[in-house]
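One structure below.
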Amino acid sequence: MRSQQHILNNLRNPIAIAASIQSRKRWEQFFIALGWFSLLVALLTLVFLVSDLFLRGLPMLNWKFFTSPPSSDPEEAGILTAWVGSLLVIFVTALVAIPLGIAAGIYLEEYAPKNWLLDFIEVNITNLAGVPSIIYGLLALGFFVYILNWGESILTAGFTLALLILPVVIVTTRESLRAIPQGIREAAYAVGSSRWQVIADHVLPYSMGGILTGIIVGISRAIGETAPLITIGALTFITFLPDPPIQNEFPYISFKWIWSPFTVLPIQMFNWVSRPQEAFQVNAAAAGIVLLVLTLAVNGTAIYLRYRFRKSIKW
Amino acid sequence: MVEQPLPYSTKLPVALPSRTVRIWRERIIASILFLAAISSVVTTLVIIYILFAETVIFFEKVMEMHQESLFEALVEFFTGTDWSPLIEPVGIGILPLLSGTFTTCFVACCVAIPLGTIAAVYLSEFAPAKVRELLKPILEILAGIPTVVYGYFALLVVTPFLQKIILGVQQFFNPGKEPWEYYELPGFNMLGAGIVVGLMVLPYITSLTEDALQAVPLQLREGSYAMGATRLQTAIRVLMPAAASGIVAAYILGLARAIGETMIVAVAAGLQPKFTFNPLEGASTTTAFIVSVSLGDLPHGSLEYQSIFAAGIMLFFATLILNVAGYFFSRRYREVY
């Protein structure tokens, strides 16, 4: 009680009040400075990271770097096999993850009865989103590579990354479906549409913006993912390209490439970073620039799309 | 004009499929969608099956090799301080991997939790709207950088910087010696790797904490301001307790990411398993071990092949517990209001 009396006495003293206000203001100023410091740490990380990459790697970035395979001579080494591999793996990933993710999202949001099964699937997806990517690598190694016998191929890699980004696609699909007002569905039902017609003709087209954003975010994550592909045994040094998908003879389209061994950009960069020779660090930086520009461009597209769709639709 | 009633047998311009066809089509579509939704559960089951099956073979082999019972093998696994499944004599104590994981995560949390919380409180309660709109995409950019690029950053930028700082501090307190007489931070160390993991986790913690603070109803702020509290007092004494479960969820999810982070530690923390809690040393984490073994030629069915699953199962359950805890914490804060 004495301390309360003390406070009350102070409250009667205008000088004490002014001093108290002063000290609280100082604390607040101090905290604002602290807040700026914290944000500055994040900003400076970005600045240092990008500037170091560019200062070191930019001289290496020329046409030759993109068109030569890796080599034991750092001057000669390039990222041809890496970017072709990345492209093909991401293609398979998209082919698997997009239909599967959208379908799962539609079921969970539009069909699933609200019961324990839905709860269970929900917790499960949340958990899968948090499973470390290397665990997906172990899953792929044990299941795709040895049980299904797909080997260390582009197909295995594509499926692995697809499973990895599936939670992202499902969650964003659900969120954008949820944003469609109920009235749209009711109107479509009122003219006699079936459930699937309501979804395919109305709900899905209107929510395409949000779904697209989710897909792009997932793809950008897949581009940068390294660990699960190392686990399934993606080669770190590969000098030949997979079979071209388009052939000169009948039937013109070949699917042999999905079985071929591969490397991807992040693995190529990892390989160069972990070499002791100084000269390879330049290559690593150059590959880092390519990787960074690629993922940032893809991410930027997603941010832009989200911004545009949020602005343009008014129900 | 009087409206005419429609004739009794008006033909629709398109032929509709019969009712049965419609019903069956709907059923087929619904079951295809259901199968897609179930795929996530199947993925989890396959993960658990693969991890368990290979770990069981791992222990069978160890029991045969060391001539010991399952109990003794498990005791050795959880209490042994020698992890060397690749070289004879085989050591299967998991503690060196756990100590490496713990140390890097501890360093990462020391960076990410204070900075992330302060940044979130600042962004949510103090920052002008323009600053917030500008900084949120930048934080998203940080979260989108591939982790192998962060690994490069840790090894080639942060570690040399730390080496200079540590040398400078020693020269300041104990001057007059030749440069090589001072302690030098090794090129692979858990401190640099941990700091960068913290920087990588920072955007997640900031954005989740900010979400939790934003979810606190406005009346609570107004009530606090009405009592004469400043913004800082409101934030610390009213908003943070109100959003506590959301903030704890943010920390837990950040921790789970730090534990599972692979490429940064594989590049910058070293690949040699070592039982130490000293961040100034290099050591291998669970994830880095899996990467280092996978890099070599990994014969299917060898002990090293199974050892990565035994290490993986520890990682899986650690992150599983954290993820579920995070999920329930964040659920609780949503239900409060």
Side-chain angles (χ1 to χ4, degrees), chain A residues 24 27-28 31-32 34-35 38-39 41-43 45-46 48-49 52 100 103-104 106-108 111-112 121 123-128 130-135 138-139 142-143 146 163 166 194-196 220 224 226-227 230-231 233 236 266 269-270 273-274 281 284 288 291-292 295-296 299 303, chain B residues 22 26 29-30 32-34 36-37 39-41 43-44 46-47 50-51 54 115 118-119 122 126 135 137-142 144-146 148-149 151-153 155-157 199 202 230-232 253 256 260 262-263 267 287 290-291 294-295 298 300 308-309 312 315-316 319-320 323-324 327:
Chain A
R24 293 204 226 167
W27 273 106
E28 207 154 294
F31 184 81
I32 289 174
L34 218 59
S38 304
L39 291 167
V41 170
L43 292 179
T45 305
L46 198 62
F48 278 127
L49 194 146
D52 184 86
L100 201 57
I106 291 174
Y107 181 82
L108 293 175
Y111 283 84
I121 297 178
V123 179
N124 193 28
I125 289 174
T126 319
N127 180 53
L128 276 182
V131 167
S133 59
I134 195 150
I135 298 289
L138 292 179
L139 155 80
F143 188 67
Y146 288 115
L163 290 184
L166 206 52
S194 68
R195 181 174 275 202
W196 176 245
S220 107
T226 325
I230 291 181
T231 316
T236 50
M269 184 182 174
F270 172 65
V273 177
S274 44
Q281 313 297 1
L291 202 53
L292 201 64
T295 48
L296 290 193
N299 258 324
I303 294 175
Chain B
R22 269 180 72 134
E26 287 294 314
I29 288 169
I32 290 172
L33 295 177
F34 175 73
S39 69
S40 68
V41 180
T43 308
T44 309
V46 174
I47 288 178
I50 295 278
L51 290 180
E54 300 292 348
L115 290 182
I118 292 169
Y122 175 77
F126 290 84
L135 284 174
I138 293 180
L139 287 178
E140 276 180 37
I141 290 177
L142 268 178
I145 292 177
V148 64
V149 177
Y152 166 95
F153 183 64
L155 183 69
L156 294 176
V157 180
L199 291 173
L202 181 65
T230 60
R231 282 188 295 184
L232 184 61
L253 293 177
T262 309
M263 294 320 291
V267 170
T287 51
I290 297 174
V291 164
S294 312
L295 275 178
L298 191 64
H300 180 218
I308 61 175
F309 290 91
L315 187 67
F316 179 73
T319 50
L320 179 75
N323 282 323
V324 172
Y327 178 79

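Below, chains carry the letters A, B, ... as their sequence lines are ordered, and counting in each starts from 1.
Proximity to chain A (any heavy atom under 4.5 Å) is restricted, for B:Leu139, to the side chain, taken from C-beta onward. Both the backbone and the side chain of B:Phe316 come within less than 4.5 Å of a heavy atom in chain A. For B:Ile47, the parts lying near chain A are the backbone and the side chain together; criterion is any non-hydrogen pair under 4.5 Å. Proximity to chain A (any heavy atom under 4.5 Å) is shown, for B:Thr230, by both the backbone and the side chain. If you measure heavy-atom distances from A:Ile135 to chain B, the contacts under 4.5 Å come from the side chain alone. Using a 4.5 Å cut-off between heavy atoms, A:Ile32 contacts chain B through both its backbone and its side chain. In this structure, the portions of B:Leu156 lying under 4.5 Å from any heavy atom of chain A include both its backbone and its side chain. No part of B:Leu253 comes within reach of chain A, as not one of its non-hydrogen atoms sits under 4.5 angstrom from that chain. Of the atoms belonging to B:Ile118, heavy atoms from both backbone and side chain fall under 4.5 Å from chain A. In this structure, chain B has a heavy atom under 4.5 Å from the side chain of A:Tyr146, while its backbone stays farther away. Heavy atoms closer than 4.5 Å to chain A are found in the side chain of B:Leu155, but not in its backbone. Contacts between B:Val157 and chain A at a heavy-atom distance below 4.5 Å involve the side chain alone, from C-beta outward. Only the side chain of A:Thr295 comes within less than 4.5 Å of a heavy atom in chain B; its backbone stays farther off. The contact between B:Ile29 and chain A is made entirely by side chain atoms (from C-beta outward), counting heavy-atom distances below 4.5 Å.
Comparing A:Thr226, A:Leu39, A:Leu49 by how many heavy-atom pairs each has under 4.5 Å with chain B, the most go to A:Leu49. Ranked by heavy-atom pairs shorter than 4.5 Å toward chain A, the options B:His300, B:Arg231, B:Met263 are led by B:His300. Looking only at heavy-atom pairs under 4.5 Å with chain B, the residue among A:Ser274, A:Gly142, A:Ala112 that has the most is A:Gly142. The greatest number of non-hydrogen atom pairs below 4.5 Å with chain A, out of B:Leu202, B:Leu51, B:Val149, is found for B:Val149. Interface check for chain A: of the options B:Val324, B:Val267, B:Val46, the most heavy-atom pairs under 4.5 Å are formed by B:Val46. Chain A forms more heavy-atom pairs under 4.5 Å with one residue of B:Ala119, B:Gly260, B:Pro146, B:Ala256 than with any other, namely B:Pro146. Note: A:Ala103 leads A:Gly224, A:Ala103, A:Gly288 in heavy-atom pairs under 4.5 Å with chain B. For the set A:Leu163, A:Val123, A:Leu128, the count of heavy-atom pairs under 4.5 angstrom toward chain B peaks at A:Leu128. Ranked by heavy-atom pairs shorter than 4.5 Å toward chain B, the options A:Asn127, A:Val131, A:Val273 are led by A:Asn127.
The shortest side-chain heavy-atom distance between A:Phe143 and B:Thr43 does not fall under the 4.5 Å cut-off.
Summarising the geometry, atom CG belonging to A:Leu292 is positioned 9.0 Å from atom CD1 belonging to B:Ile141; distances are rounded to the nearest 0.5 Å. A:Phe270 CZ to B:Leu295 CG: the interatomic distance, rounded to the nearest 0.5 Å, is 5.0 Å. Separation of atoms CG (A:Leu43) and CG (B:Leu142) is listed at 7.5 Å; rounding is to 0.5 Å. The distance from atom CG of A:Leu291 to atom CD1 of B:Ile145, rounded to the nearest 0.5 Å, is 10.0 Å. In this structure, the separation between CZ on B:Phe153 and OG1 on A:Thr45 is 5.5 Å, given to the nearest 0.5 Å.
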Begin with the C-alpha distance, continue with both residues' side-chain angles, and end with the deciding distance and a verdict on side chain to side chain contact (heavy atoms under 4.5 Å, CB included) for A:Leu166 and B:Ser40.
-> CA-CA 8 Å; A:Leu166 206 52; B:Ser40 68; 5.7 Å; no

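Between B:Ala30 and A:Tyr111, the closest heavy-atom pair is CB-CE2, 3.8 Å. What you find for A:Asn124 and B:Val41 is that their closest heavy atoms are ND2-CA, 2.9 Å. Across every non-hydrogen atom of A:Ile230 and B:Ser294, the tightest pair is O-CB, 3.6 Å. Shown here for A:Leu138 and B:Ile50, the closest heavy-atom pair between the two residues is O-CG2, 4.0 Å. When all heavy atoms of B:Tyr152 and A:Gln281 are compared, the closest pair comes out as CE1-O, 4.1 Å. Of all heavy-atom pairs between B:Ala37 and A:Ile121, the closest is O-CG2, 4.0 Å.
Salt-bridge check for A:Arg195 with B:Glu26: failed, with every basic side-chain N at 4.0 Å or more from each acidic carboxylate O.
Each of B:Thr262, B:Ile290, B:Leu315 was compared with A:Pro132 under the side-chain contact (heavy atoms from CB on, under 4.5 Å) criterion, and only B:Leu315 meets it.
Note on ring orientation: taking the six-membered ring where Trp is involved, the planes of B:Phe34 and A:Tyr107 are perpendicular (angle over 60°, cut-offs 30° and 60°).
Without hydrogens or angle criteria, A:Asn299 side chain to B:Glu140 main chain gives no donor-acceptor distance under 3.5 Å.
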